[in-house]
2 protein chains.
Amino acid sequence: MSNVAAQMSNKDQTFMDAALAEAAAAASRGEVPVGAVIVSGGEIIARAGNRTIELHDPTAHAEVLAIRATCTELGHDRLEDCDLYVTLEPCAMCATAISFARLRRLYFGAGDEKMGGVEHGPRIYAQPTCHHAPDVYGGISERESARLLRTFFKERRT
Amino acid sequence: MSNVAAQMSNKDQTFMDAALAEAAAAASRGEVPVGAVIVSGGEIIARAGNRTIELHDPTAHAEVLAIRATCTELGHDRLEDCDLYVTLEPCAMCATAISFARLRRLYFGAGDEKMGGVEHGPRIYAQPTCHHAPDVYGGISERESARLLRTFFKERRT
């Protein structure tokens with residue numbers, strides 16, 4: 001993993017901003033505020049925020065929804081030329097889905113000590129059972145990502 | 001994990017046979033032969049086989065499809081009273097989805113050294129990032145499960 005927050009391009013920041021907008025939209029629906037976009041050829045192919053409550057689907061994390069939407073859009077299940085931007089470190093489920101989808105690069109915001117599967121817990125991409133690992137860049141817009149989550153859970157507790 | 005193949009009930013065998021039938025049906029569609037059923041109150045709520053190729057969806061493993069179908073059927077995303085029978089050791093993605101869905105018990109067939117996430121690789125349920133682990137029973141009908149997979153890949157190679 002490389003922390004590339006300092007040397008991010010304007011385009012990378014634009015894509016992470018789009019993911020943050022999806023996270024904010026998720027919060028406004030009462031969902032845990034995590035958002036993701038998938039990019040190919042400099043264009044956003046799919047945008048998604050968490051919808052686990054709305055869809056009654058524990059697998060409806062932002063990353064999984066974005067992967068499924070991109071695969072539908074492109075008509076195949078391997079996204080070798082695509083990059084994923086997500087506001088929070090993916091969990092083990094999403095990290096593995098990213099591997100199966102053969103995504104090229106993973107950019108994420110805040111790390112997730114409690115549920116993360118890339119830099120925490122199972123560290124999916126370091127396992128012998130992982131047969132494709134994306135290039136991983138963490139710490140992008142992590143303050144804004146973490147702020148969205150903190151505000152969301154604080155409001156839930158009061 | 002407990003190997004309970006020797007003391008399985010007739011009902012458990014019936015459910016695993018139903019999962020094996022889903023695996024065989026997946027093979028006939030050209031999909032990797034893995035099948036799953038979810039059971040509640042002694043009844044099968046959902047049946048699924050792999051459909052990753054058909055759906056252009058790398059997340060469309062039998063377990064994920066069965067979980068999503070059960071959640072839709074029951075109208076919520078927590079399946080505390082449900083058990084999952086699957087012919088192959090779940091991968092890290094499916095093992096994590098099983099945890100998120102709060103499934104009570106996981107019965108699986110053959111172990112999977114290459115891709116498994118329960119007894120191999122990330123051992124998802126032993127991680128500090130795992131906040132619900134089902135009771136796990138492996139080795140059920142493992143010969144038949146492995147035979148289906150072996151036959152499928154042998155036919156693909158010739």
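Per chain, numbering begins at 1; letters A, B, ... match sequence-line order.
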Are [Y] and [X] connected in a single hydrophobic cluster, I mean Ile/Leu/Val/Met/Phe/Trp/Tyr linked by side-chain heavy atoms less than 4.5 Å apart?
X: B:Leu88; Y: B:Phe153; answer: yes
X: B:Phe15; Y: B:Tyr107; answer: yes
X: B:Leu74; Y: B:Leu84; answer: yes
X: A:Leu65; Y: A:Ile38; answer: no
X: B:Phe100; Y: B:Val136; answer: no

* Asked: To the nearest 0.5 Å, how far apart are OG1 in B:Thr52 and CZ in A:Arg78?
  -> 9.0 Å
* If you measure from CE on B:Met93 to CD1 on A:Ile98, what distance do you get to the nearest 0.5 Å? -> 11.5 Å
* To do: Could you check which of A:Ala101, A:Ala97, A:Ala95, A:Pro58 has the highest count of heavy-atom pairs closer than 4.5 Å to chain B?
  =>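 Of the candidates given, the most pairs with chain B belong to A:Pro58.
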Taking all non-hydrogen atoms of both residues into account, name the closest pair between [X] and [Y] and its distance.
X: B:His131; Y: A:Met115; answer: CD2-SD, 3.4 Å
X: A:Thr129; Y: B:His120; answer: CG2-CB, 4.4 Å
X: A:Ile124; Y: B:Ala92; answer: CD1-CB, 3.7 Å
X: A:Asp57; Y: B:Arg68; answer: OD2-NE, 3.2 Å

* **Backbone of B:Cys71 reached by a side-chain donor or acceptor of A:His56 within 3.5 Å** =>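 Side chain of A:His56 to backbone of B:Cys71: no pair is present.
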* Looking at B:Lys114, B:His61, B:Arg123, B:His76, which one has more heavy-atom pairs under 4.5 Å with chain A than the rest? ->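 The candidate making the most pairs under 4.5 Å is B:Lys114.
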* To do: Give a yes or no on whether A:Arg143 atom CZ has more than 12 heavy-atom contacts from other residues, nucleotides or ligands under 6.0 Å away.
  =>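 Atom CZ in A:Arg143 is not packed in, count stays at 12 or less.
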* Greater than 12 external heavy atoms within 6.0 Å of B:Glu113's CD ->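 Counting other residues, nucleotides and ligands, CD of B:Glu113 stays at 12 neighbours or fewer.
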* Against chain A, label B:Cys91 side chain, backbone, both or neither, depending on which of its atoms sit under 4.5 Å from a heavy atom there. =>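 For B:Cys91, the side chain is the part near chain A, not the backbone.
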